[in-house]
Amino acid sequence: MSASSGRPFAVAIVGSGPAGFYAAGQLLASAAPEVTVDVYDRLATPWGLVRFGVAPDHPKIKSVTRVFEKTALKPGFRFLGNVEIGVDVSHDQLAAAYDAVLYAVGTPADRRLGIPGEDLPGSVAATEFVAWYNGHPDYADLDFDLSAERAIVIGNGNVALDVARMLALSPHELAVTDTADHAIAALAASEISEIVVLGRRGPAQAAFTNPELRELGELELADVIVDPAEAELDPVSAAGLEAADQTVRANVKTIAEYAARTPAGKPRRVILRFLTSPVAIEGDGRVEAVRLARNVLEAGPDGSVRARSTDSHERIEAGIVLRSVGYIGTPLPGVPFDHDHMRILNRDGRVLDPVSGEPLPGVYTAGWVKRGPSGVIGTNKKCANETVAHVLSDAAAGALPAPSSTPDALIGQLRDTGVKIVEYHGWAAIDAHERALGEPHGRPRVKLVRRAEQLAIALGEALSHSG
Ligand SMILES: Cc1cc2nc3c(=O)[nH]c(=O)nc-3n(C[C@H](O)[C@H](O)[C@H](O)COP(=O)(O)OP(=O)(O)OC[C@H]3O[C@@H](n4cnc5c(N)ncnc54)[C@H](O)[C@@H]3O)c2cc1C
Ligand SMILES: NC(=O)c1ccc[n+]([C@@H]2O[C@H](COP(=O)([O-])OP(=O)(O)OC[C@H]3O[C@@H](n4cnc5c(N)ncnc54)[C@H](OP(=O)(O)O)[C@@H]3O)[C@@H](O)[C@H]2O)c1
């Protein structure tokens with residue numbers, strides 16, 4: 001396929017996480033011979049949450065980047081890092097320069113609990129804590145007070161497990177990871193010895209995947225503790241267990257096994273609590289405790305199992321609270337947004353005009369910002385595939401508006417206005433530099449966490465300041 005003018009069919013992908021890279025790979029592998037794909041990212045480094053989300057003690061998961069590296073080497077591919085859409089370049093400029101624009105920008109913000117005290121110092125969104133320990137440049141200067149004995153993690157998803165585990169790992173376990181150096185130092189000095197993970201529903205409703213849950217039971221420095229009374233299933237969940245999926249049954253079994261364990265007396269404890277909802281975060285000027293309501297579970301009219309708070313309350317003291325109840329998308333200027341679901345307004349990847357409800361020709365979306373913040377890395381492959389199929393079929397049907405400019409003209413304009421674009425070879429220089437820093441210490445890499453440092457390596461510039 002090529003655009004009607006005879007030039008290549010040009011697609012801009014915004015976001016270089018899994019969804020963006022899967023979409024790029026699929027477009028470049030399509031039967032269409034003359035496709036070019038420019039992948040933009042606001043950061044100088046690609047891979048999205050594979051670099052800034054996936055826990056540093058899970059290096060095998062990060063090796064998915066090898067697939068994306070192959071895509072980056074294909075003819076027709078360009079990486080344009082350090083370019084923020086909505087800041088450095090507008091949606092309209094992209095739409096004028098490309099045949100199609102595909103947004104894969106992820107869902108970077110945190111879902112709110114909506115309870116009193118949520119914004120007290122010491123009440124932290126997991127989105128921030130995760131980005132901090134993973135060396136995201138926007139979060140490198142955060143400072144978390146880890147001097148209390150107890151931390152509370154709110155939520156029962158895999159991110160809550162990542163956060164709890166990171167707090168429980170020994171310095172020796174962290175030392176061989178690519179955890180940002182500032183976080184390794186802060187976690188080594190941490191005095192947290194008890195991490196309480198709060199689920200509002202029961203073991204059968206936890207959103208954990210089973211290998212991640214079992215991993216918690218194998219920590220060098222921490223016992224995992226579950227109150228047998230909370231591990232016991234309520235009648236509604238017990239009745240549904242046989243028909244439940246394999247992950248649920250495995251989780252229930254693992255949690256029962258933890259409840260039956262005698263603690264080995266390790267210096268740290270991870271306590272999994274169930275049927276408890278935070279109703280307030282309390283403290284005089286900073287977090288001192290979380291007030292909880294005890295819940296009972298009941299079946300909703302749609303068959304779902306819901307938590308209902310009772311009058312029974314409890315107060316647990318803690319010096320830090322990590323709110324891990326999910327991510328949400330944020331609107332991009334000029335791109336229709338679905339405020340009910342906090343993601344781009346779309347139908348199966350075609351972005352919709354909010355007035356007509358019909359597809360906006362040439363504008364697409366994939367990944368978490370298309371379908372919401374759930375699913376593992378591989379889920380984005382199928383998701384991107386659905387969107388790319390629409391791009392290709394719309395192009396074949398002649399349904400895309402003809403661009404009035406070109407990608408090269410736009411990129412030239414960006415450079416003229418002083419945007420320092422990091423291309424793939426620039427990222428490759430950062431990658432090689434980070435790996436070389438890590439190698440003598442048996443670490444996969446030592447991350448550069450400052451934009452200025454990254455740009456200096458990527459663009460061969462002198463390092464003028466530390467920000
Ligand atoms: C803490 C955490 C740990 C996880 N661990 C695992 C795991 O171990 N295994 C697993 O399979 N899955 C894991 N996941 C899930 C996995 O990371 C996601 O499924 C996946 O990253 C979503 O891909 P995405 O491309 O939609 O978004 P993202 O990965 O978020 O990528 C979005 C990209 O868009 C860029 N961007 C955003 N706004 C702009 C803009 N305006 N202009 C230009 N670029 C922009 C961002 O910089 C980013 O690079 C984890 C998720 C989280 C949150
Ligand atoms: N190793 C891995 O494979 C890995 C690691 C990290 C993340 N991921 C994936 O990334 C995705 C996002 O993970 P996530 O953990 O952010 O989200 P998630 O899986 O959606 O879990 C969110 C948790 O927050 C709870 N919650 C929501 N609102 C709440 C409230 N008001 N009060 C108390 N609890 C509340 C939810 O409980 P309810 O169920 O009751 O709503 C749920 O337990 C998931 O698909 C996850 O599997 C994978």
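In each ligand, atom 1 is the first atom listed, and ligand 1 is the first ligand listed. These numbers come from a predicted model, not from an experiment.
- With hydrogens and angles ignored, the 3.5 Å screen pairs no side-chain donor or acceptor of T107 with any backbone N or O of G329.
- Sequence neighbours left out, the pairs with a member in residues 13-29 that pass side chain to side chain donor-acceptor pair (under 3.5 Å) are S16-D41.
- Taking 4.5 Å as the limit, some side-chain heavy atom of R112 sits within range of a side-chain heavy atom of E118.
- Remark: the backbone N or O of A299 is not paired with any side-chain donor or acceptor of R306 at under 3.5 angstrom.
- To the nearest 0.5 angstrom, L410 atom CG is 9.0 Å from D38 atom CG.
- Under a 3.5 Å cut-off, the side chain of K370 and the backbone N or O of I344 do not form any donor-acceptor pair.
- In this structure, the side-chain hydrogen bond (donor to acceptor under 3.5 Å, both in side chains) partners of S277, at least two apart in sequence or on a different chain, are N295.
- For ligand 2, the 4.0 Å heavy-atom shell contains residues R111, L113, G155, N156, G157, N158, V159, D162, R200, R201, A207, E212, S324, V325, G326, Y327, W368, P373, S374, G375, V376.
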Kindly print each ligand 1 N/O atom paired with any protein N/O atom under 3.5 angstrom away, one pair per line, or none if nothing qualifies.
residue, atom, partner, partner atom, Å
ligand 1, 11 (O), I377, N, 2.8
ligand 1, 12 (N), I377, N, 3.4
ligand 1, 19 (O), W368, NE1, 3.0
ligand 1, 19 (O), G375, O, 3.0
ligand 1, 19 (O), N380, ND2, 3.0
ligand 1, 25 (O), P18, N, 3.4
ligand 1, 25 (O), A19, N, 2.9
ligand 1, 26 (O), W368, N, 2.9
ligand 1, 29 (O), L49, N, 2.9
ligand 1, 41 (N), I85, O, 3.0
ligand 1, 42 (N), I85, N, 3.0
ligand 1, 44 (N), R42, N, 3.0
ligand 1, 47 (O), D41, OD1, 2.7
ligand 1, 49 (O), D41, OD1, 3.4
ligand 1, 49 (O), D41, OD2, 2.5

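- Under a 3.5 Å cut-off, the side chain of K447 and the backbone N or O of N134 do form a donor-acceptor pair.
- Remark: side-chain polar atoms of R111 are paired, donor with acceptor, to backbone N or O of V325 under 3.5 angstrom.
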